[in-house]
Amino acid sequence: MEGATNPFQDSLRFDRRVPPAAIVIFGANGDLTKRKLIPSLYRLAFERRMPSGCVIYGNSRTLMTDDDFREKMKQSVRQFLEDTPFDEALWEEFAKSLFYLPGDLKDPAFYQALASRLNAHEAATGGNILFYLSTQPSHYEPVVNGLASAGLAEGRGWRRVVVEKPFGYDLATARELNQRLQAVFPEREIYRIDHYLGKETVQNILAFRFANGIFEPLWNRRYVNHVQITAAESIGVEGRGAYYQTSGALRDMIQNHLLQVMGTIAMEPAAVFEPNAVRDERAKLLRSVRVHKAEDVPAHAVAGQYGPGRAGLVNIPGFRQEPGVDPASLTDTYAAVTFFVDNWRWAGVPFYIRTGKRLPKRVTDIAIHFNAAPLSIFDRDNHNGYTMRPNLLIIRIQPEEGISLRFLSKNPGAGMRLRPVSMDFNYGSSFGVRTPTAYETLLLDAMAGDATLYTRQDMVEASWQVVQPILDYWSSRKFDFPNYDAGSWGPKESDDMLARRGHVWRVP
Amino acid sequence: MPPTVSPEAILKELGELWVALGAGDEAGVLRACAMTLIIAADEEEEAGVLGEMIAGIMHDHPSRAIVLRVRDGSDPDIESRVLAQCWMPFGRRQQICCEQIEIMASETGLEDVPRIVLGVMAPDLPVVLVCRSPKLFCLPAFQPLLSVAGKVIVDSRCASEPRKMLARIASLRQLGHSIHDLAWTALTPWREVIAGAFDDRATLSHLHELHHVSIKGGKRGPGPEVWYLGAWLLRGLDLETGIELADGETDVPVQAVELRGEGLNLSFFRDSRTVIRFVRGDVAANLPFTVSSDWELMREELALPGKDSVFEEILPRAMALAGG
Ligand SMILES: NC(=O)c1ccc[n+]([C@@H]2O[C@H](COP(=O)([O-])OP(=O)(O)OC[C@H]3O[C@@H](n4cnc5c(N)ncnc54)[C@H](OP(=O)(O)O)[C@@H]3O)[C@@H](O)[C@H]2O)c1
């Protein structure tokens, strides 16, 4: 019966089936596990999307029994589960598949112990194992080597490894990390997670562009004037200052998430909706992004760091006053870059990307600014200055997912006075059903072997390639930080960067 | 005798309603509409229950709802009114509103209703008709309304003569109407649990040895859910006979399913609202299960615009099991 299909499956009505597997989480005592991974797995079980037979193993050094771990995870699920009721009976069942194996990732004996524990579940899991590296990147290499020497990197069933960001610290370390991972796991089994790609609205960009006939003809240099991508956070570093000062806004957000979003906005349509076909197009786009020469960096990239400010009635410390941060730190808490895509579709169209901490609000969106109408026939009568406002298409990623199209309309009454109006599509209100979180989508995809929303080695390296000259230039400079107040929209130099091309940042 | 309401009058009232809604709220309201949803119900059906169901559906499938209430008798008068269903999504500042048109007619007045409905449907959007009343569904005067909808949803679970209802569904499907039954929709969680058991390769390899199906239904005897489930199991196991349908002790429409064969016995018992107890040989597990409310079933059905080929295939078998 090898290869026989299940005649009871009904793809119209049932959720996609994924094969049972063992999920091994390294770093299970950490923040990511309790905030995201276990709540997402529980949520999948709640929705009956976890196949029966799955087991979840957590590891870190802290000594805990299976029951201790279950209790700790129960508290986390209660605390971090978003918009889902906690079901005691279901938890009891879910908890039976949760196990904990303490051990140091540098200890070879740990991997042997893990292998024998996982072997015991092989009948139920079919030997499939998903290794989730939710640890510091310095552990990635010892872990994959440990897995290899214990014979866990291959066997009956599939073996996959999910790697959290950061994928390297720069281009050289990213390449090195890729080589180390690929020495043990083939590239097709390496799942580099970029939770932005798992967001429903980012996936919706593909549907919006490639399932509708009316936008694609406009999606090029003839009609698009420029593109603005904003990812603003109102919070500061929230106690993670020590980590953050080794990273910065360009590394933490632009190199990975926002370049992937830009890839999704600007890529060519894939011939088929299959993981490698989609990833090929995204990778191709990233390779077409112009790599700035060192001398061009100052005109195309702006670094910022927030100083003290006020939000409402509260005083906010500057970055250098945050705990754990060097009082002379030169880390960028704000970064804005002008990118160009050197291909036929986009030649000459600026893509402005900005991200920062302590900006006025939390918002992520993409604004496509179209060229203005070629001739403004209403100018003679119109004194309100709106005539020349170009059309704007805004794709909102968070917090209120949706799409808006801004266009001009006649003001009611006598005379031809115009004003901008907005046509809104609201994702949440049009499909009131709860959308899965990025981690739910991505975990299930990894178990199903669908890497469409994961980044590939060539994509990671291409995006490092475009930010590397900026990193190099910035590391050689002594910035006069801070250069923006907490609660403002960033440094003046960033506005100047756009003004040189006659553009202004919109206020999202 | 001509009807007392016209589509133009209803649309004018709707326009005024929107102006009033927008004026009362500084942030304005968001008008949402993805389909025309016609809901036909007897006058006796409680307005509160109906309203709650419509509100539940609106969040996922914002629509222009046309609620048709049909009363007994031969009074030719048709009345109408318009209202809005509004809600404030969590954390937002702008209300979302959907429009609702209520049309009240007698059974005799029904023949004028399709013309009014045609005039007030939202243009260019799909039309779905939900018929809550099996009695209405079987009335000849109701049939023209079926033709305006791309999809018709009925519920044989509330029919006093479910066999007849299945026969009517089958005959209308043959005439080209896309009729769907919530009794079938309600089985999705059961079917998913059973299908899940066969995702296991060892179990799947014994599938062809299974030759007996038994289903325990509710205490009032097997109903549409049991017939549909039985038909679906026979289809999956490629069996023509070998099925036993028994009465249960409670009102739960499907209480247990057993599949028996030489090398394998599988049993599924509904333990509670959220758990199915699954036993295979000496292995037992509690599998998560959900019971859906009427509007959740409707939500599942409304999310599937295309045809359901599995339902199409099992409907004749289900009728055979029902003995109709
Ligand atoms: N936190 C987030 O929201 C977030 C967001 C995006 C990406 N990430 C990435 O996700 C990964 C995990 O994040 P995290 O914040 O959860 O990490 P973390 O707290 O730094 O590390 C996770 C756990 O690893 C364990 N650990 C440390 N050294 C170990 C060793 N030698 N052997 C075994 N276990 C060891 C520690 O527990 P014990 O002390 O018990 O050993 C620690 O709690 C990181 O790569 C991070 O960059 C995190």
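Hydrogens, waters and symmetry mates are skipped; everything else that's a heavy atom, side chains included, is used. Chain letters run A, B, ... following the sequence lines, proteins first and then strands; every chain starts at 1.
Inter-residue side-chain proximity for A:Phe8 and B:Leu237 is flagged as met; some heavy-atom pair is nearer than 4.5 Å. Looking at A:Gln9 and B:Arg191, their side chains never come closer than 4.5 Å, going by heavy atoms from C-beta outward. Contact annotation: the side chain of A:Pro51 never approaches that of B:Asp199 to less than 4.5 Å [non-hydrogen atoms, C-beta and beyond]. The shortest side-chain heavy-atom distance between B:Leu287 and A:Glu93 does not fall under the 4.5 Å cut-off. Put simply, the side chain of A:Ser11 does not reach to within 4.5 Å of the side chain of B:Val310, judged on heavy atoms.
Taking every heavy atom of both residues into account, A:Pro7 and B:Gly236 meet most closely at CG-O, 3.4 Å.
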Could you check B:Asn286 against A:Glu92 for side chain to side chain donor-acceptor pair (under 3.5 Å), going step by step and ending with a plain yes or no? CA-CA 10 Å; B:Asn286 286 345; A:Glu92 290 310 318; over 6 Å; no
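Taking 4.5 Å as the heavy-atom cut-off, the residues of residues 274-282 of chain B that approach chain A are B:Thr274, ordered by number.
For a residue to count as touching a neighbouring chain, one of its non-hydrogen atoms must lie under 4.5 Å from one of that chain's; by this rule A:Asn6 touches chain B with backbone and side chain alike. Residue B:Thr185 touches chain A through both its backbone and its side chain, counting heavy-atom pairs closer than 4.5 Å. Looking at A:Ala124, there are no atoms closer than 4.5 Å to chain B (heavy atoms on both sides), in backbone or side chain. For A:Leu12, the parts lying near chain B are the backbone and the side chain together; criterion is any non-hydrogen pair under 4.5 Å. In this structure, chain A has no heavy atom under 4.5 Å from any part of B:Asp238.
Applying the side chain to side chain donor-acceptor pair (under 3.5 Å) rule to B:Ser63 yields no partners; only residues at least two apart in sequence or on another chain are considered. Every side chain to side chain donor-acceptor pair (under 3.5 Å) that B:Gln255 has, sequence neighbours left out, goes to B:Thr250. A:Arg156 is linked by a salt bridge (Lys or Arg N to Asp or Glu O under 4.0 Å) to A:Glu122, counting only residues two or more places apart in sequence or in another chain.
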